[in-house]
Amino acid sequence: MSFVICSAADNDSLHRTVPADDGVPIAVHEFGPADAPLTVVFAHGHCLRTESWALLRQQLLPRWGDDVHMVFYDHRGHGDSGTADPATYTIDQLAQDLDAVLRTVAPTGPIVLVGHSMGAMTILAYARLYPGAIGGRIVGVGLLAGAANSVTRVGLGRLLNGPAVTSLRVAVRRAPRAMQASKHFTRHLFEPMLREAALGTRRVSPRMLAVATAMLNETSLLTMASFLESLMRFDEMATLQRLGTIPTLVLAGSADVVIPFAHSVVLASQLDDVELVRLDGAGHSVIMERAEEVAGAIAALVNRAVAALADPDAGPFGPEPECGPEYAIAG
């Protein structure tokens, strides 16, 4: 394992390289003291990287200070993490990578897991593969713009069953190097999804659109295509019961047409201690679009997790935020 301290502009984060069980280097960024009373670990979505959490992190750092150890990491094949055999680009493998990260950077103490899109799916796979951790060290879960199954049945996920995506998966499997050189094909196929779907119905800043587009374009075509089969076959409905009674947040935008809000309703209906949050007008990139409101929902999740561990009045995490006019909660 190697690590370096990032610049002050990155809020004095600690950058580590954690080896996965098969040796693939996983890039990790940590904020806050490692001996804080609680660790919150963030898992990003398909074709994104730790930078997708930047706006949200800016909201949470002043709120939590040194009371929370925040961990952000890049999935294999994404961001600064290493590439691997495409056969390992599966949700189950990502769950095993998550376990390796937890063992290294948070070996003791309670943990809250927060995942966006494919990151949420990774958490559900983790709950199946490591059931003993749920309700033990894992004291809370946040599932943002996620689904338990059927991602190809509604919304733009239906396009994954189309001939263009099928041809892409076959071509990448047969000639990965040749297809990797064809970045214009990637852009042509996937950028319309980002432009029309990920950002919902509200007008968004050019800066955020540029960041989201850059993250998409920086992801290799091999990574992008190789995870599609696992996403298409993903089904963790039976796993939801493993979350038991630990506090859970299910959050999504009402205008998310990549993983429509109906998926969140299904998730919440299968959980015991859950808050279902709908952000009106937000799309699939809800963590960038509505960072302040998402941060408030995650802070509320942490408060619930702390309350389940001890006297909530004695915790250092502050009161739960009040809901605004477009911040709908159903529990």
Side-chain angles (χ1 to χ4, degrees), residues 9-11 13 27 29 31 40-64 70-75 78-81 113-123 142-147 155-157 187 190-219 223-224 249-261 263-264 277-301 321 324 326-328:
D10 199 21
N11 297 292
S13 70
H29 290 265
F31 296 79
V40 182
V41 179
F42 297 82
H44 66 74
H46 184 227
C47 295
L48 298 177
R49 55 192 300 167
T50 56
E51 281 84 349
S52 65
W53 299 104
L55 298 178
L56 182 68
R57 186 174 64 240
Q58 290 172 10
Q59 296 288 329
L60 292 173
L61 275 171
R63 182 190 295 266
W64 286 338
M70 288 195 288
V71 176
F72 303 84
Y73 71 99
D74 289 328
H75 295 304
H78 293 75
D80 293 328
S81 289
L113 299 177
V114 178
H116 171 244
S117 191
M118 188 173 74
M121 300 176 185
T122 299
I123 291 172
L143 306 173
L144 316 180
L156 284 185
R187 191 180 185 92
F190 287 96
E191 194 172 37
M193 288 190 191
L194 177 70
R195 183 176 62 251
E196 296 178 18
L199 301 177
T201 60
R202 286 189 167 192
R203 186 179 183 84
V204 297
S205 72
R207 172 177 171 266
M208 200 216 18
L209 181 59
V211 169
T213 303
M215 284 188 287
L216 177 75
N217 290 338
E218 288 176 5
T219 304
T223 294
M224 184 184 297
L249 166 69
V250 176
L251 178 149
S254 66
D256 187 341
V257 295
V258 177
I259 299 182
F261 186 74
H263 280 291
S264 292
V277 178
R278 184 190 69 245
L279 293 183
D280 292 337
H284 194 59
S285 295
V286 62
I287 61 174
M288 290 184 280
E289 239 184 303
R290 307 285 281 278
E292 183 176 1
E293 291 152 293
V294 176
I298 292 174
L301 168 66
E326 293 186 306
Y327 185 73

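Atom-to-atom distance recorded for Leu249:CG and Ile298:CD1 is 7.0 Å, nearest 0.5 angstrom. In this structure, OG in Ser285 is found 6.0 Å from NE2 in His116, a value given to the nearest 0.5 Å. Distance CD/Glu293 to CD1/Ile287: 14.0 Å, rounded to 0.5 Å. Glu51 CD to Asp80 CG: the interatomic distance, rounded to the nearest 0.5 Å, is 6.5 Å.
Ring geometry, His44 versus Tyr73: the interplanar angle falls from 30° to 60°, so the pair is classed tilted. The aromatic rings of Trp53 and Phe72 sit tilted, their planes meeting at an angle between 30° and 60°. The aromatic rings of His46 and His78 stand perpendicular to each other, their planes meeting at an angle above 60°, with 30° marking the opposite boundary.
Taking all atoms of both residues into account, the shortest heavy-atom contact from His75 to Ala43 is CE1-CB, 4.1 Å. Residue Gly281 comes nearest to Ser254 through the heavy atom pair N-OG, 2.7 Å, listed as atom of the first residue, atom of the second, then distance. The two residues Gly146 and Ala120 make their nearest non-hydrogen contact at CA-CB, 4.0 Å. The minimum heavy-atom distance linking Ser117 with Ile259 is given by the pair OG-CD1, 4.0 Å. When every heavy atom of Ala145 is checked against every heavy atom of Val286, the shortest pair comes out as CB-CG1, 4.5 Å. Counting all heavy atoms, side chain and backbone alike, Cys47 lies closest to Met224 at SG-CG, 3.5 Å.
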Start with the C-alpha distance between Val294 and Gln59, add both sets of side-chain angles, then the distance that settles side chain to side chain contact (heavy atoms under 4.5 Å, CB included), and finish with yes or no. CA-CA 9 Å; Val294 176; Gln59 296 288 329; over 6 Å; no
Derivation of the side chain to side chain contact (heavy atoms under 4.5 Å, CB included) call for Phe42 and Leu56: CA-CA 11 Å; Phe42 297 82; Leu56 182 68; 4.1 Å; yes
Trace of the side chain to side chain contact (heavy atoms under 4.5 Å, CB included) decision for Asp256 with His263: CA-CA 10 Å; Asp256 187 341; His263 280 291; over 6 Å; no
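Taking 4.5 Å as the limit, every side-chain heavy atom of Arg57 sits out of range of all side-chain heavy atoms of Thr50. Val40 has its side chain within reach of Trp64: a pair of non-hydrogen atoms, C-beta onward, lies under 4.5 Å apart.
Judged by distance alone, the side chain of Arg290 and the main-chain N or O of Asp280 form a donor-acceptor pair under 3.5 Å.
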